[in-house]
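What's counted below: heavy atoms across the whole structure, side chains too, no hydrogens, waters or symmetry copies.
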Amino acid sequence: MTESLSPERMAAWRAYIEASQRLFTQVEDDLRTVSELSFADYHVLVLLSEAPGQRLRMGELASRLIFSPSRLTYQISSMQKRGLVARQSCPEDRRGSEAVLTAAGLLALREAAPHHLRSVRAHLMDDLDDAEVACLTRVFERLGQRLRADRDASSTPADN
């Protein structure tokens, strides 16, 4: 049985969805204007750049991005055509593949990152009211706590 939301929680949830959609649409428009990257492109490049010299298996990359495997395959293929990433076979599993950040991808990320951060800050300050900023902040804090807890739980060594 699912718990029903109170009218005020429903209103807060609706406000969060509307504010986040408006914010992300504006920020993605800015990101595309400056670097021709979508949010998905940007986040793939960020994850690949956080593992310098390492390859990320497609399944691992999909789970970190909360993408479906088919969406990630499409995303990587699109970025591969633009020279931002390379896809290589996985040495441990001949059926698997890995994504690697190219020099062009690193350059695109370096050019996009400062503008992306300024754009997020500008839209948060200019386009959202205080209640919307507070709502987004609470959600992002909870999400960050949950992601850190998940990461810590998954990195705990198994009992021998």
| field | Candidate list L31, V27, L47, test side chain to side chain contact (heavy atoms under 4.5 Å, CB included), partner Y42, passing option | value | L31

| What residue among L84, T102, L106 forms side chain to side chain contact (heavy atoms under 4.5 Å, CB included) with L45? | L84

Measuring from [X]:[atom1] to [Y]:[atom2], what's the distance to the nearest 0.5 Å?
{"X": "H43", "Y": "S38", "atom1": "NE2", "atom2": "OG", "answer": "9.0 Å"}
{"X": "R32", "Y": "D29", "atom1": "CZ", "atom2": "CG", "answer": "8.0 Å"}
{"X": "I76", "Y": "R71", "atom1": "CD1", "atom2": "CZ", "answer": "11.0 Å"}

| query | Are V34 and L117 connected in a single hydrophobic cluster, I mean Ile/Leu/Val/Met/Phe/Trp/Tyr linked by side-chain heavy atoms less than 4.5 Å apart? | reply | no

| query | Is there a path from L37 to F24 through hydrophobic residues (I, L, V, M, F, W, Y) whose side chains come within less than 4.5 Å of each other? | reply | yes

| message | I'd like to know if D41 and R82 make a salt bridge, using a cut-off of under 4.0 Å between side-chain N and carboxylate O. | response | yes

| field | Parallel, tilted or perpendicular: ring planes of H116 versus F39, cut at 30 and 60 degrees | value | perpendicular

| Within a reach of under 6.0 Å around CZ of R22, are more than 12 heavy atoms found that belong to other residues, nucleotides or ligands? | yes

Show me the side-chain donor-acceptor pairs of residues 108-115 shorter than 3.5 Å, one per line, residues at least two apart or across chains.
none

